[in-house]
Amino acid sequence: MFEQEEKYAADAIGRALEAMGYTPPAKIAMRPIPLEGIWGVGSTVAMQLAGKDRAKVGEIAEGVAERLRALNHFANVHAENGYINCIFDVGKVATAVIHAVLTAGSDYGRGAAIPGRVMIEYAQLNTHKEFHVGHLRNVALGAALVRIMRFAGYDVVAASYIGDIGLHVIKCLWCYREFHMGQEPKDPAQRGRWLGERYVEANQRLAYRKDVSDFIARLVLEDMVFNGQVDSIMKELIHAGVPNGDVAKLLGVLVSHKPFDPTAYVNDEMIPIFWKHIGAELRSEKRRDAIKHQVDGLHSDSLASLWTEYQRLDAHFTQWWAPSATWEAEARALFLAWDRKEKDIVALWEKTRQWSLDELLQLFAQLGAPIEVYFYESEVEEPGRAIVRNLLERGIAEVSDGLPVVKIDEKLGLAKETYRTLPILRSDGTTLYATKDLALAAVKFDEYHVDHSIYVVDARQSFYFQQIFKILELMGFAQAAQCRHLPYEFLTLPEGTMSSRSGNAVFFEDVAADALARARAAVDEKNPDLPEETKAEIARTIGIGALLYGMLDRDNNTVIVFDWEQALSFDGHAAPYIQYAHARACRILERAQAEGIALPDATSAIHLSAPVTEEMALLEQIGNFPAEVRRAAETDKPLIIANYVYDLAKRFSDFYGACPVVQAEPETRTTRLALVDATRQTLANGLALLGIHAPNVM
RNA sequence: GCGCCCGUAGCUCAGUGGAUAGAGCGUUUGGUUGCGGACCAAAAGGCCAGAGGUUCGAGUCCUCUCGGGCGUACCA
């Protein structure tokens, strides 16, 4: 908005410097003056040219200021502390800002078209898994970036890449088929979630043998009391008829703290007997600990943690231990059956996949995520294998340790270990994420003709994407240089990493339901007379807006520790504050209309001969919007827009408190109404970029 | 070992090489017979992890150290 003024100032300063016998730098940067109550742009060029010589700095700044004053373009130009400050003619610039907003409307801030097509891939969600709040960060960020880049003028294709096949899907299908065949929740809306629970169960079952083994190893290391009981337990095992060889082997493992391997024993019955003894021993330790607690008030944390884990495992021991010996092999076999496209497994996959997709599409709609293209992992498995074959034939890939890999450093001729080696197919021929990603990149280049490709994926995959991009380069794709991974840090829980695999996750559905309920309570209290449907709509707007904003008002590479209360806070630096500013702006305009006052439009005269600080601060912020949109797009930071709209709302609140609008004298009233309308419009435009609606009432 | 990211107020975080480092939460004290109190005003709270360097100028750029997180060949 102020480009013209900045350009004018920069050019004028350049000419003044030349006239004074200096060589101006190639680019004279103008920055807003950060002093309160002063609206204009300043330059530091005098300090750059004069260096340490303070007297000369003042001399240059003063000389330039004098020459600029003579041009009569700015209200004033003065030299201060070495800065050359050009003070805007407030009335002129204010008129330009307000007219620009009211003329452009919802297009205010939009940039001119930028050549080249950009594909932004985000929302890489998996079927057969539940959508948790960690995924929300990805969708919020990717969607905001799509809108911001598009608004800034880029030709953006928004793509989602759905993980509808892979080890996780196979595990889930295995669990479903073996233990839940024919079951499904009555409410179709719950199917996706139910399936996600089956996936968690599958992981627990498949990890069961290892978890038991790890537990025994831990017990031996941590529990000294248990160690003292080992001898007597061994004797009891022999009494129970366990072969001497197995008992001896187990004893060796325990006393030497070696890893416990359940497959090493002749008699699988030994472990259940041993397990019973472990339980008995832990119970008696618990009793002793309870008595000790009465005496000295102390508990053993280690024992408590062991006991919790024992209970978790023991709950399934009788049912899971024996059959679990073959589960892993079953799941692997199922993956191979999938690869052979066996009818019943494909049918089961199709049915359950649709359950998840229904849920995901509904979620994307609820979040307003713009997506034009859907890619599916299942569609790039075969093309991926073809690429692997091709890479092997061309000698870019080779078979090492029984599987195809690309030794990237070697192929690039790098002596220093940089990109290392990436496996591109499993040794049993099933596909990896890399297999499919290579094929997908080819589709993006060849079929969608994208010039730039952005991957919005969490930061833990940064190294992996460097590897992928280098392989694409080795394959000969010129666009490989235009691929960019946009990393964002993970969202964790106070108690640790969130993982849908272990079931340790906060589901988006639950958080959203809570957010809606809280928003609804507030609406009921403040606007009890609104129609039911309107109240529900406003509650959605506020609840979802608060959640989205919470994901977007931090830098991409800060780890977010999810705090339930903080995420649902409607006070202070949060979306409802901004929405509230918008609603109040709307109310002022409504009030004016109700009193028969005509609302100003893009042709109304703006009078700001003696503006108050709050008016200038607000105008300045409104005028900055287009530049902030550009900066956000260029740096991939929706955070810039999130901060921008908050600052704008804050300045509006200041203005609101200091400047009566409807009660003002007619001339001032018209100007302030125009300012309120411009604020309303800019708030709405900014929030829209974040995917947040701006309500008229709330 | 190597690589990436982070370290700013009690807590959660902003901060485009430039003027006095800012918000929110929390704490304390005030404000509405005024356009909506999801608000506003004020107070308290900082060796910007540490040490060097580049620069007229460093929270910001470079190097090193410390502390934390995450990667690092068949998870995605």
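Per chain, numbering begins at 1; letters A, B, ... match sequence-line order.
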Stepwise salt bridge (charged side-chain N to carboxylate O under 4.0 Å, His left out) test for A:Glu59 and A:Lys56 | CA-CA 5 Å; A:Glu59 192 182 300; A:Lys56 200 172 163 196; over 6 Å; no

Counting any heavy atom closer than 4.0 Å, what does A:Arg54 reach on the DNA or RNA strands: base, sugar-phosphate only, or nothing?
-> nothing

If you look at every strand shown and take non-hydrogen atoms under 4.0 Å, does A:Asn527 touch a base, only sugar-phosphate, or nothing?
-> base

Taking it one step at a time, do A:Glu590 and A:Arg587 satisfy salt bridge (charged side-chain N to carboxylate O under 4.0 Å, His left out)?
-> CA-CA 5 Å; A:Glu590 265 176 44; A:Arg587 291 288 284 179; 3.5 Å; yes

Would you classify A:Val697 as touching base, sugar-phosphate or nothing, given that sugar-phosphate means primed atoms plus P, OP1 and OP2, and contacts are heavy atoms under 4.0 Å?
-> base

Go through the side-chain N and O atoms of A:Tyr376 and A:Thr127 and say whether any donor and acceptor fall under 3.5 Å apart.
-> no

Scan A:Arg591 against the nucleic acid and name what it touches under 4.0 Å (heavy atoms): base, sugar-phosphate only, or nothing.
-> sugar-phosphate

Rounding to the closest angstrom, what is the interatomic distance between B:C61 and B:U27 at atom C1'?
-> 38 Å

For nucleotides B:A49 and B:C13, find the distance between their P atoms and express it as a whole number of Å.
-> 15 Å

OP1 or OP2 of B:C6 under 4.0 Å from side-chain N/O of A:Asn557 | yes

Which of B:C70, B:A73, B:A76 is nearest the side chain of A:Leu167? It is B:A76

When we call it a touch if two heavy atoms are under 4.0 Å apart, what does A:Gln467 touch: a base, just sugar-phosphate, or nothing?
-> nothing

With the side chain defined as heavy atoms from C-beta on, A:Leu432 is closest, among B:G71, B:C74, B:G18, to B:C74

Could you walk me through whether A:Glu328 and A:Lys171 pass the salt bridge (charged side-chain N to carboxylate O under 4.0 Å, His left out) test, one step at a time?
-> CA-CA 9 Å; A:Glu328 216 173 303; A:Lys171 284 179 182 178; over 6 Å; no

Does a side-chain N or O from A:Arg584 land closer than 4.0 Å to OP1 or OP2 of B:A38, or not?
-> no

Looking at A:Tyr656, does the NZ or CZ of A:Arg584 lie under 6.0 angstrom from its six-membered ring centre and within 45 degrees of the ring axis?
-> yes

May I ask you to verify if any side-chain N or O of A:Arg554 is less than 4.0 angstrom from the OP1 or OP2 atom of B:C13?
-> yes

In whole Å, what is the span from the NE2 atom of A:His582 to the P atom of B:C39?
-> 17 Å

For A:Ser400, which contact category applies under a 4.0 Å heavy-atom criterion: base, sugar-phosphate, or nothing?
-> base

Nearest-Å distance, CD (A:Gln466) to P (B:C4)?
-> 8 Å

Spacing between A:Phe652 atom CZ and B:C39 atom P, to the nearest angstrom | 14 Å

Give the nucleotide from the list B:G69, B:A14, B:C74 with an atom nearest to the side chain of A:Glu489.
-> B:G69

So, A:Thr44 versus A:Gln48: side-chain donor-acceptor pair below 3.5 Å or not?
-> yes

Answer yes or no for A:Arg484 and A:Phe465: cation-pi contact, defined as NZ/CZ to six-membered ring centre under 6.0 Å and angle to ring axis within 45°.
-> no

Could you check whether A:Leu639 gets within reach of a base, just the sugar-phosphate, or nothing at all, counting any heavy atom under 4.0 Å?
-> sugar-phosphate

Measure the distance from CG on A:Leu336 to C1' on B:C74 and round it to the nearest whole Å.
-> 14 Å

Around atom CD of A:Glu36, are there more than 12 heavy atoms of other residues, nucleotides or ligands at under 6.0 Å?
-> no

Could you spell out the base pairing of RNA chain B in dot-bracket, with Watson-Crick or G-U pairs whose two distances are under 3.5 Å, [ ] crossing and | to another strand?
-> (((((((..((((....[...)))).(((((.......))))).....(((((..]....))))))))))))....

Do A:Tyr161 and A:Asp437 have a side chain donor and acceptor closer than 3.5 Å?
-> no

Can you tell me, in whole Å, how much space there is between the C1' of B:U65 and that of B:A41?
-> 45 Å

Base, sugar-phosphate alone, or nothing: which one does A:Thr558 contact when heavy atoms must sit under 4.0 Å apart?
-> sugar-phosphate

Stepwise, does the salt bridge (charged side-chain N to carboxylate O under 4.0 Å, His left out) test hold for A:Asp339 with A:Arg385?
-> CA-CA 12 Å; A:Asp339 264 351; A:Arg385 284 200 178 86; 3.0 Å; yes

A:Arg460 or A:Asn556, whichever maps to the more 5' nucleotide of RNA chain B = A:Asn556

Among B:A76, B:G36, B:G1, the nucleotide that comes nearest once only the side chain of A:Arg426 is considered | B:A76

Interatomic distance, A:Gln621 CD vs B:U16 P [rounded to whole Å] | 15 Å

Please tell me which of A:Gly166 and A:Glu628 maps to the more 5' nucleotide of RNA chain B, matching each residue to the nucleotide holding its nearest heavy atom.
-> A:Glu628

Tell me, which pairs form a salt bridge (Lys or Arg N to Asp or Glu O under 4.0 Å) where one or both residues lie in residues 557-572 of chain A, sequence neighbours left out?
-> A:Arg518-A:Glu565

Contact state string [nucleotides 19-26 of chain B, B base, S sugar-phosphate only, - no protein heavy atom under 4.0 Å] = B---SSS-

Euclidean distance, A:Trp174 CH2 relative to A:Leu167 CG, rounded to 0.5 Å = 11.5 Å

Would you mind classifying the nucleic acid contact of A:Tyr577 as base, sugar-phosphate or nothing, using non-hydrogen atoms under 4.0 angstrom?
-> sugar-phosphate

Round to the nearest Å and state the distance from A:Arg672 atom CZ to B:C35 atom P.
-> 15 Å

Using a cut-off of 4.0 Å on non-hydrogen atoms, how would the nucleic acid contact of A:Cys586 be classed: base, sugar-phosphate, or nothing?
-> nothing

Residues A:Thr431 and A:Glu381: side-chain donor-acceptor under 3.5 angstrom | yes

How many Å lie between NZ on A:Lys637 and P on B:G15, as a whole number?
-> 7 Å

Below 4.0 angstrom from OP1 or OP2 of B:A38, is there any side-chain N or O of A:Arg520?
-> no

Just call it for A:Phe463: base, sugar-phosphate, or nothing, with non-hydrogen atoms closer than 4.0 Å on any strand.
-> sugar-phosphate

Contact class for A:Val405 vs. all strands (heavy atom < 4.0 Å): base, sugar-phosphate, or nothing?
-> base

For the side chain of A:Tyr580, counting heavy atoms from C-beta on, which of B:A73, B:U72, B:C39 is nearest?
-> B:C39

Report which part of the nucleic acid A:Gln461 touches: base, sugar-phosphate, or nothing (heavy-atom distance under 4.0 Å, all strands).
-> base

Starting from P on B:U72, measure out to NZ on A:Lys407 and report it in whole angstrom.
-> 19 Å

So, does the side chain of A:Ser653 form a donor-acceptor pair with the base of B:C40 at under 3.5 Å?
-> no

